[in-house]
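Report on one structure; see the data block that follows.
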Amino acid sequence: MTPLQKNILNAVKRRPMTLRELQNNLQVDNSRLRTSVSAMVATGELSMRNGTYAPGFATYVNANAPETIPCTLVKLAARFGFASRDDGEGDIFIPGRALHGAMPQDKINVKLFDHPRVEGSSEGEVVEVTVPNNRFAGTVCLSEDGRLAVEPDGCRDVKFLLAKQGSEGVHLGDKVGFLITHRGNRHSDHRAAVVEKFGSSDYASECAKAILYGRNVRLEFPPEVLEEAHAYDDATIDPTEAAKRLDLRGIPIFTIDSAETKDIDDAISLQKLDDGYELGVHIADVSHYVRPGSALDEEAFERATSIYYADKVIPMLPTQLSNGICSLNEGEDRLAFSCLMRLDENGEIRSYKFVKSVICSRVKGVYKEINALLEPEEGADLTDLQTKYAAVLDQLPVMDELYRKRLILRKARGGMDIESNEAKLVMDENGRCVDIVKRDRGTSECMIEEFMLLANQCAANAGRTNKVPFVYRVHEAPDAEKMEKLSATLLACGLNAKFKNPIPTQLELAALLDETRDQPIQIPVHTGILRSMQKARYAPQPLGHYGLVLADYAHFTSPIRRYPDLAIHRILSEMLTGASASQLQKDFNEFAQQASEKSSKQEVAAVRIERDVEDLYKAEYMHGHLGEVYTGTVAGITPRGVFVELDNTVEGFVPAAQLCKGEPQVIDGVSMLDPLTGKSWMLGSSMKIQVAAADVALGRIDFEYMVE
């Protein structure tokens with residue numbers, strides 16, 4: 001708590017005060033006071049009622065609560081919730097009567113029931129809210145008695161009445177940001193006040209703004225960060241610094257990205273040798289500009305990653321760096337951190353070295369254009385492309401050759417190639433989604449991914465073999481219980497999924513992926529295998545990467561948009577100066593631990609935001625296609641109904657009541673049977689549907705089954 005916040009709290013403890021009374025009492029700047037008061041209301045340190053502020057409810061104390069478990073409430077519905085244990089031991093089911101008004105992201109203490117309704121399950125009661133979360137986004141609605149209320153995002157059928165003050169001008173269906181200004185012992189007793197108005201929930205762009213608000217995403221950079229960034233307005237590299245580095249400007253280096261990319265942090269070069277290849281992966285030297293202890297570094301650490309959604313980006317670094325001096329723009333000299341690798345005739349790494357360099361990209365390559373050059377269509381006129389890529393054209397066949405050899409090695413070790421069905425959202429000038437296209441990866445996308453993987457592998461090897469603190473990208477072996485369930489599911493789908501051991505080898509899983517590729521069953525099988533895996537994360541220990549089948553792996557290649565990459569650049573830079581392992585451990589042990597934990601947490605949050613926002617835009621697009629008929633693939637089966645995925649990656653729900661006249665029978669999680677009619681539907685089978693509803697605010701699409 002800041003000194004000003006302490007003074008505010010002391011003042012309102014004497015008597016409730018309005019904002020004007022607080023300003024007169026404390027004699028502080030009005031904007032500073034408003035900011036502090038809003039923050040204190042959000043954290044529950046203050047409560048606001050009828051325009052006056054009083055001490056809040058930051059802690060509900062229950063001294064007689066023995067054997068409680070610290071948790072975070074992670075899901076809330078009208079009649080239940082789930083709390084995630086802080087010790088990582090799983091989730092606890094909380095019945096509605098036992099929630100006592102707790103809200104998502106509240107820090108709570110939970111007491112387990114001695115006799116849960118389901119034997120062996122964890123079920124309990126909230127006995128204490130230690131740190132409340134009062135900041136939410138939601139949709140304006142009506143309460144049961146017709147009064148204006150708000151439903152928090154992700155909390156269906158939970159509604160809070162809106163206080164009149166601060167809620168003027170809001171309309172039914174508006175997306176808003178709000179604060180809980182008063183808490184009761186039940187959700188129906190909570191009261192809320194609107195603090196941000198975004199617009200109609202019919203528009204995905206407004207709903208996206210609400211999601212960002214509700215997840216506390218930092219949209220603007222603080223003044224001190226912008227002040228440091230302005231030092232790089234229209235910046236060029238320092239000639240004195242360039243003179244200290246390996247000068248690679250004479251080598252034909254170039255970048256390959258999507259056409260719209262503005263934050264370009266990786267470039268490549270390749271030379272064919274008599275006995276193999278020399279591959280250069282040249283990465284923007286962000287660590288030269290973002291120094292430890294600077295405002296830029298502290299902000300980058302907090303954000304930990306850029307967030308990409310629709311046609312927008314919330315960058316980790318200000319544009320002066322991300323799109324400017326750190327971006328490897330065509331024809332501009334840039335400071336880089338290069339990984340220079342020697343590979344043998346089969347594509348195996350023989351040696352590598354990391355060097356600080358100065359480079360100049362010859363051309364901004366575009367995936368689509370490179371693919372056209374590598375795999376030209378019959379009769380295509382490539383004259384313009386050949387002219388554009390003239391400086392690097394002779395490298396392309398060599399790159400393709402090396403990639404093919406690397407692909408053989410990856411398959412031999414069991415590297416898994418899971419089809420993820422990514423979508424590209426096509427936006428109009430008003431920011432509305434007008435098309436959804438399945439994002440297909442061509443040769444150049446896969447080629448660049450493989451070359452980046454090589455550099456990442458070398459970086460991790462350097463950290464591990466030199467026994468220095470590091471931030472590794474780790475992916476641990478899957479859980480045996482999940483694998484057993486996966487095996488049963490795949491067997492029920494008619495696949496040969498009897499693994500020799502409880503945890504299958506990567507080769508066994510890779511074989512299943514290949515067997516089902518481009519088959520109707522591909523979507524559920526690939527998705528099922530992906531969901532049965534552990535989540536990749538960052539860690540200071542070299543635990544290896546199960547999915548890639550690599551002992552050494554880290555993230556080195558994207559320091560503009562990922563903090564772990566920036567972190568290991570900093571460590572590798574110190575290694576190049578000759579710092580001893582003991583000195584590096586002293587300087588970076590704690591840093592590596594903190595960067596790993598923070599980056600893992602922020603990555604999960606960013607991925608969730610990107611997926612949730614994508615769902616909004618998909619619903620917006622499908623809302624314009626209500627009543628249209630499509631044929632999709634059954635991608636998921638539950639007792640409530642089935643999920644159907646269309647060719648454009650849109651997924652919708654068909655209720656079981658539309659499919660079955662009798663009580664639906666779900667068999668092994670892979671098929672649904674109607675016992676009265678004998679009809680059945682299985683994962684991977686096709687289904688004709690009609691678009692029945694598309695709720696943009698919820699990112700939900702409902703399909704109606706069309707009898708064929």
Side-chain angles (χ1 to χ4, degrees), residues 72-84 91-106 108 126 132-162 170-180 183-184 186-192 194 198 200-204 206-215 608-609 611-620 622-623 636 638-643 651-658 692-703:
T72 302
L73 194 73
V74 291
K75 181 176 177 60
L76 175 65
R79 296 179 179 83
F80 67 91
F82 281 98
S84 175
D91 291 346
I92 301 172
F93 178 79
I94 314 288
R97 60 182 170 77
L99 282 163
H100 300 305
M103 293 295 297
Q105 301 311 309
D106 278 359
I108 58 179
V126 176
N133 170 43
N134 294 319
R135 174 185 167 124
F136 294 92
T139 307
V140 176
C141 58
L142 292 177
S143 66
E144 292 181 0
D145 59 2
R147 288 185 286 176
L148 215 55
V150 64
E151 180 177 290
D153 287 347
C155 306
R156 294 192 71 174
D157 300 322
V158 176
K159 299 177 181 179
F160 308 138
L161 291 177
L162 283 173
V170 299
H171 304 93
L172 282 179
D174 279 357
K175 294 300 296 188
V176 296
F178 67 93
L179 296 176
I180 298 177
R183 284 199 184 201
R186 298 177 302 171
H187 292 112
S188 59
D189 294 331
H190 293 355
R191 297 294 180 268
V194 172
F198 300 112
S200 171
S201 59
D202 292 336
Y203 295 95
E206 307 305 325
C207 296
K209 292 175 187 175
I211 282 180
L212 298 173
Y213 174 89
R215 312 279 176 92
R608 188 173 291 130
I609 288 169
R611 286 176 180 168
D612 290 349
V613 170
E614 184 175 278
D615 287 344
L616 302 177
Y617 281 96
K618 286 182 175 180
E620 179 179 71
M622 295 307 291
H623 192 271
T638 74
R640 297 185 301 107
V642 304
F643 291 93
E651 188 174 88
F653 185 71
V654 180
Q658 289 185 14
D695 191 321
V696 180
L698 296 176
R700 178 188 169 96
I701 300 161
D702 291 318
F703 293 154

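Both backbone and side-chain heavy atoms feed into the values below; hydrogens, waters and symmetry mates do not. In this text, all values refer to a predicted model and were calculated from it rather than measured experimentally.
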Just by modelled atom types, is the [Y] backbone N or O under 3.5 Å from a matching donor or acceptor in the [X] side chain?
{"X": "S201", "Y": "G173", "result": "yes"}
{"X": "R135", "Y": "Y213", "result": "yes"}
{"X": "N133", "Y": "P104", "result": "yes"}
{"X": "H190", "Y": "G101", "result": "yes"}

### Message
Is the shortest side-chain heavy-atom distance between I701 and E651 below 4.5 Å?
### Response
no
### Query
Are side-chain heavy atoms of L698 and D615 found at a separation under 4.5 Å?
no
#### Entry: Pair F703 + F653: ring centers closer than 6.0 Å
no
Minimum heavy-atom separation for [X] to [Y], with atom names?
{"X": "G138", "Y": "F178", "result": "N-CE2, 4.0 Å"}
{"X": "L99", "Y": "V126", "result": "O-CB, 3.6 Å"}
{"X": "A102", "Y": "I108", "result": "CB-CG2, 4.3 Å"}
{"X": "P152", "Y": "F160", "result": "CG-CE1, 3.6 Å"}
{"X": "L616", "Y": "A697", "result": "CD2-O, 3.8 Å"}
{"X": "D189", "Y": "G184", "result": "CB-CA, 3.7 Å"}

Check this for me: does any side-chain nitrogen of one of [X] and [Y] sit under 4.0 Å from a carboxylate oxygen of the other?
{"X": "R79", "Y": "D157", "result": "no"}
{"X": "E206", "Y": "K209", "result": "yes"}
{"X": "D612", "Y": "R215", "result": "yes"}

Separation of [Y] [atom2] from [X] [atom1] (nearest 0.5 Å):
{"X": "I211", "Y": "I609", "atom1": "CD1", "atom2": "CD1", "result": "8.0 Å"}
{"X": "I94", "Y": "F82", "atom1": "CD1", "atom2": "CZ", "result": "9.0 Å"}
{"X": "L73", "Y": "M103", "atom1": "CG", "atom2": "CE", "result": "8.5 Å"}
{"X": "S188", "Y": "K159", "atom1": "OG", "atom2": "NZ", "result": "12.5 Å"}
{"X": "H187", "Y": "H100", "atom1": "NE2", "atom2": "NE2", "result": "10.5 Å"}
{"X": "L162", "Y": "C141", "atom1": "CG", "atom2": "SG", "result": "8.0 Å"}

### Message
H623 vs D202, test: side-chain contact (heavy atoms from CB on, under 4.5 Å). Steps then yes/no.
### Response
CA-CA 9 Å; H623 192 271; D202 292 336; 6.0 Å; no
### Message
What verdict does the side-chain hydrogen bond (donor to acceptor under 3.5 Å, both in side chains) test give for S200 and K175, after you've listed the backbone C-alpha separation in whole Å, the side-chain angles of each residue and the deciding distance to 0.1 Å?
### Response
CA-CA 6 Å; S200 171; K175 294 300 296 188; over 6 Å; no
### Task
Name all residues meeting the ring pair (Phe, Tyr, Trp, His ring centres under 6.0 Å) criterion together with Y203; count only those two or more places apart in sequence or in a different chain, and write none if there are none.
none
